[in-house]
Structures are given as structure tokens and as C-alpha cells.
Visitor: 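Please find one structure pasted underneath; my questions will follow.
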Amino acid sequence: QKKEIESLVKDSVFFRAMSNYNTSLMERTLRDISEYWVLVGKPDIKVIEGYEEQDVINRLVEENLLIKMNDTEYPNSYLYRSAPFDVARSEKDTYICTRGSHDDVGPTNYWLNTDEAIEIARTNLEGAMKGKTLYIVPYWLGPIDSPFGQGGIELTDSLYVVLNLMKITRVGRVTAKPIALSNSYVLGMHATADLNPEKRYILHFPDENDGMGTVISFNTNYGGNALLSKKCHALRIASFRAKREGWMAEHMMMIGIREPTGRMTYISGAFPSSSGKTNLSMLQPPDDFLKAGWDTYLVSDDITWMHPVNGQLRGINPEYGFFGVAPHTSYKTNPRAMDAIKRNTLFTNVGIDSRKCPYWEGMSEVPEGLIDWRGKPFDGTDKAAHPNSRFSTPIKEYRNLSPDYENPNGAPVSAFLFGGRRSDLMPLIMEARSWDEGVLFGAMQRVETTAAAIGKVGELRNDPMAMRPFMPYNMGDYFKYYLEMGKKLEKPPRIYNVNWFRKNESGGFLWPGYSQNMYVVKWILGRVNGEITDAVETPMGYVPSLDSFDYGTIDKNTMNQLLLIDRKGFLEELKTVRPFFESFGSHFPDELWETYYNVKSRLEKW
Ligand code: SAT
Ligand code: MN
């Protein structure tokens, strides 16, 4: 069988290059592929070399799976409609599989025994690609020459998945050398099967594949369930490896902010899916900032890998493109995204108007002849775009990319921001007094759920460091690891909690958000660079003093509400998160309990 596969891929540039650099890895790769190939019914094989995008698009158009958008306004852009029940990540079908017990992954994960999970996969995948084509998509996460990069190979029968991977990762022959030299890759096996949601599984095996990790996913074609490079590899498998190897793979955006002096400061921020991470990563400062010479430069919008180098964390973006939430993206909320998605973009589950331009809620006025995301004329009874509809856009379409985006060693991170949708309690900004108290901020994160995952929207749930859906091991051990990381670093990032979503009694947002978030960012820069020294100390950390905080045109009264530390509310919050912390049992670090009690007693005495 290996021979058969060998003959099927022998003309591939990727495999020829791979065997030149690393014959033994090449042998192993052929073995892995041939096993899967036989299981799924010996389909045709096509290796993606990286230059096939137009062919892939043509095939999808021929099969009526892609609709071409207006060629003047959205050149080389297409609309794809997924199955209406396959529109978001499915947490209940997402498993971490080990040979130990459920305790390996803790109470925030679904767990399966490795052998049992492999059996489930076998049963469901048998013959699943008979008569189809198996695409072999080699990809590389991170700058091509980065020592922090990692390779992966996704095997899939979905051209939609292939096209997405071409938009959001580095694929094909350019990955052969770095994969060969790193002598490993994450193996991803994906099959559309019959999209039966009852038999949908997203299985992670962090210990398999020589400890490099394997992912098997089937009966789904969407987003984080099927684009295995993204949440499955770059967050779950990578976090597992990061803990073993001493670095961090986080659900964080990262941007550099350049001040008029020319100084560039990088900050990163963890926010749950669909909570404004992309908007913050593409922050366009207000006009007076721009005129004065301020600007922001993107490293990553969703995932950041950070390695300690000389006592400092340095971040890279493992991805090569955006898989961003479309609804509520507009020239008001995110003008730079609007410009980036005007070309070479694959839209999924958005509406389309009679001029073949995309439309979603919050974009503009409802256009003429609107067809909704299911392909039916829009009549106002349902949404035009699915709330989790997406744009897949190559990162190079973004104009303000950081000069360090391709830096193999990444850029130094000065601050971590934690945040999420929270209409009450959390102030606009607070700064942790120490790394440990910052870790407590992250661990305490309770935020409203969003449409990025299947399930109820708007319910408060614990989502520490915005990593709950992506944490591959026991979250208690993650907290411990986070604390240790702080000790290891000479200059750990300063930690902040931000909240753009606090509401007043009548339910209106107190803070205008979007470009105005620049004022908050400016305060953070002043703090981390030691220029703002008069912050107000509270039991929850520091909040800005209104004397040295430039907050734009908001009135002082509103600012006081936005910065209020509600003593009773925080005591209540500490009580509320307690059972969640306790659910990790002995995995929850004693040190974090100590920090918890210190904060609690400071609040009580305040
Ligand atoms: O669908 S994805 O999981 O890739 C997007 C997200 O939830 O952030
Ligand atoms: Mn995300």
C-alpha cells in the first residue's frame, strides 16, 4: 500500500522536496497517509502545492458550491453556504483523547479513551471517501524560517476546507523544507462523511504521532471543527506542546502601537470568539491620533504563540489569514477589515444582494434584492447573515501589517489584556498589581456566550483566558503553568482586564468602543512604559486617575461609572467563581487560592 501511495504522490513537488531533506520523515508520512487512504476507501489523491487556488475555485463554482461576487467591488471573492446545521464550532462533539482518565483534561473538556476514540473514528470513516478525492494539504504555522513555527498535514475530502486553508495558512511546497527540518508535523484527518450531526466528532490526540499530536474530525465542514490548522492545531495541540516545551499558545490578538516618537509597543489580548478581538487587532485610532502620528500594526487577530526569549515573551502569529466574524463589521466598527475583505475573500453564510455584494447585519442599510444566508429571499423574519458567518481573507490584504509579522523571532509583548462581553461589574479597565493577580483576573473571566459556538447566546459562563473551548489539558494545571511562566520571565507582560461592554441602568453601552478604545490603549502604554504613575489603587488593582487619563469626549460622570470598582459586586463575583475553581480539585494551584483570599480580604476591608 505504501508503494501504491508512493506512486500516487511521486510527481508532487512537496513530496520530492520533503524526501530530499528528510527521507525518514517522508517514509513516515507515506505510512500515515496510506493507512488513512485505505480506511476511507482508496480515493483519488491530490497533493496541494500552493498554486492551485484558481483550480480549486473553478471546481467549487462548477459544482455550484461557490457564488462569484461582484467583480468590480469584490474582485476574486466568493460566497459559500454551509449546511444550515453546520455553522459553528460544536463543543459537545469536541474531545481530548488520552490513555489516562478524564482527570487528564478536567471538568471543562469532553474526554475519550484513545483506543475507544480511534474505534469510533474507524467505524465512521470506513469507505467515507469512496469515489472522491483526498486532498493532502501540507501547511506551516508561523513565519517560514521561524524556530517557533510548526508544520501540519491535513488530509481532507472538502475543497471548501482546502480553499480556506489556502487563505489562512501557508500551504504547499514552501512548507516542505521547514516541515522536513523540524522533523515533525501535526497530522489532521478530516472527512465530510455525510455531515450527520449525530455522528459529528472532533477528536484530539495530543500524545499520538510521536507526541506531536493528531486530530481526526468528521461529519462537519465548518470553521474550527474542520480547518484543523486553526483551533485544533494552533490552540489545542499547540497548548499541550507549549506546556511541555515551556512556551504559550494563546487565544490572543496581538498588535504593535506606534507613538509619534516612533516607539513601538506590542500588546496582546485574550477575548472569547466573537467578542471584538478582531476589531481590537485592527484598531484604527481616532483622526486626531492619526494626525499626531499614532497608528497600530497587526501581528495576529486570533491566536498568538509566545516564547520566552531573554526574559521576555515574544509573540508570533501562526496564521496567514483571517477567519473573522462578518456581522457587525462595518466602516464604523472596523474600517480596516472592510478594506481588507474587498478582495480575494471567501465569504461563508453571509447574505448577498442583487448586485452580488455581500451583506450582513450591522453593515449598512438593507440593500435591494437581498438573499439570505440560506439562499432564500430576505423578508426580515430571520437574519440575512448567520450570526457566525465569516470572511476568510489572506493576511496580506490587511494594510497595517506589523513590520514584525514575518519576523522569525516575533515581537516582544508588553501587556496582556483579558476581556469579554460583560454588561455589569467589570470596569472599562483595571491593571493587576502583580502577575499572580493578573492570572486571577484571567481565571475569573466570566463572559457572555456568543454565536461562535453552537448553543445558547448571551449566557454568562466561566471562560478563563478565553481558552475554555481550546484548553487541551486540565485547566487547573494551566493556571499553575501560567503562574510559573510569570516567575520565569524577567519582564512579564503587565496584565489588564478591559470591558467595552458595560451597560447603564437603561441597558445602553456606557463606552463608545471601537476607535475610542485607543484611549484605553494609550493609558496602557503610559503605564507599561512608566510614564503614567498616578493610577488609583483599589483592592482589584489600579484604575486610571481621571487627571492623567485622556478619555476623549466622554463626560466625567460616565467615566466614573465606567471605572467604578463595585466592592459588593466583586465580593459576590468571587463567591460565584468559587465552585468553578473548586471543580479542579487538587489541580487548582494553592498559590492562586492564596491570591484569591488576599484579594477577598482587601475587598472586605475596603
Ligand atoms: O470557528 S472557529 O473556531 O475557527 C472561530 C472561533 O470560534 O474563534
Ligand atoms: Mn477565536
Side-chain angles (χ1 to χ4, degrees), residues 80 82-83 85-94 139 141 152 154 156 158 160-161 163-165 167-169 188 190 200 202 204 215 217 220-239 249-254 268-282 298-305 317-329 337 346-350 373 385-393 395 417-421 445 447-455 457 461 463-472:
Y80 177 86
S82 76
F85 47 82
D86 191 29
V87 290
R89 262 187 298 108
S90 178
E91 293 183 8
K92 71 170 182 28
D93 303 318
T94 302
Y139 63 86
L141 301 181
E154 177 162 350
T156 179
S158 162
Y160 169 67
V161 167
L163 185 54
N164 270 288
L165 290 174
K167 298 279 184 202
I168 69 169
T169 68
H190 168 255
R200 175 163 57 203
I202 303 100
H204 301 71
V215 183
S217 148
T220 173
N221 248 345
Y222 198 68
N225 297 336
L227 314 178
L228 303 184
S229 64
K230 195 169 175 62
K231 306 299 182 174
C232 301
H233 178 169
L235 280 177
R236 297 195 190 96
I237 296 291
S239 284
E250 298 298 316
H251 193 203
M252 282 182 158
M253 51 65 75
M254 175 170 166
S268 57
F271 303 78
S273 309
S274 211
S275 302
K277 211 164 43 263
T278 302
N279 289 346
L280 185 60
S281 74
M282 300 181 182
L298 179 138
V299 174
S300 51
D301 69 312
D302 190 38
I303 300 173
T304 304
W305 286 356
N317 181 359
E319 300 190 276
Y320 205 46
F322 309 112
F323 184 66
V325 177
H328 304 290
T329 306
L346 170 59
F347 294 97
T348 304
N349 293 340
V350 301
W373 65 277
H386 186 277
N388 191 41
S389 54
R390 299 274 171 160
F391 52 81
S392 311
T393 304
I395 205 153
L417 279 57
F418 293 133
R421 289 177 186 273
Q445 262 194 317
V447 297
E448 292 162 22
T449 50
T450 69
I454 294 171
V457 168
R461 99 170 163 165
D463 191 356
M465 287 82 172
M467 279 293 276
R468 183 194 185 120
F470 312 116
M471 181 35 56

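Residues take their numbers from the sequence shown, with the count starting at 1. Start at 1 and go down the list; that is how both ligands and their atoms are numbered.
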Visitor: Side chains of Ser217 and Asn225 only: does a donor on one sit below 3.5 Å from an acceptor on the other?
Guide: no
Visitor: Tell me which part of Phe323 gets within contact of ligand 1: side chain, backbone, both or neither, using heavy atoms under 4.0 Å.
Guide: side chain
Visitor: Taking 4.0 angstrom as the limit and counting only heavy atoms of Arg390, give me the atoms of ligand 1 inside it, by number and element.
Guide: 5 (C), 6 (C), 7 (O)
Visitor: Between Asp463 and Arg468, is there a donor-acceptor pair closer than 3.5 Å when you use the side chain of the first and the backbone of the second?
Guide: yes
Visitor: Taking the six-membered ring for Trp, are Tyr80 and Tyr160 parallel (under 30°), tilted (30 to 60°) or perpendicular (over 60°)?
Guide: parallel
Visitor: Sub-3.5 Å donor-acceptor pair from the side chain of Thr169 to the main-chain atoms of Tyr320, do we have one?
Guide: no
Visitor: Please work out the angle at the Mn ion (ligand 2) defined by atom OD1 of Asp302 on one side and atom NZ of Lys231 on the other, rounded to 10°.
Guide: 100°
Visitor: Could you tell me which atoms of ligand 1, counted from 1 in the order shown, lie closer than 4.0 angstrom to a heavy atom of Lys230?
Guide: 4 (O)
Visitor: Measure the distance from atom 6 (C) of ligand 1 to every protein heavy atom, then report the residue, atom name and distance (to 0.1 Å) of the closest one.
Guide: Ser273 OG, 3.2 Å
Visitor: Which of the numbered atoms in ligand 1 are under 4.0 angstrom from any heavy atom belonging to Ala452?
Guide: 7 (O)
Visitor: Nearest protein heavy-atom contact for atom 4 (O) of ligand 1: which residue, which atom, what distance?
Guide: Gly224 N, 3.1 Å
Visitor: Look at the side chain of His190 and the backbone N and O of Ala226, then say whether any donor-acceptor pair between them is shorter than 3.5 Å.
Guide: no
Visitor: For Arg89 and Ser273, which I'm curious about, is there any donor-acceptor pair between the side chains at under 3.5 Å?
Guide: yes
Visitor: Would you mind checking which non-hydrogen protein atom is closest to atom 3 (O) of ligand 1, with the distance to 0.1 Å?
Guide: Arg89 NE, 2.6 Å
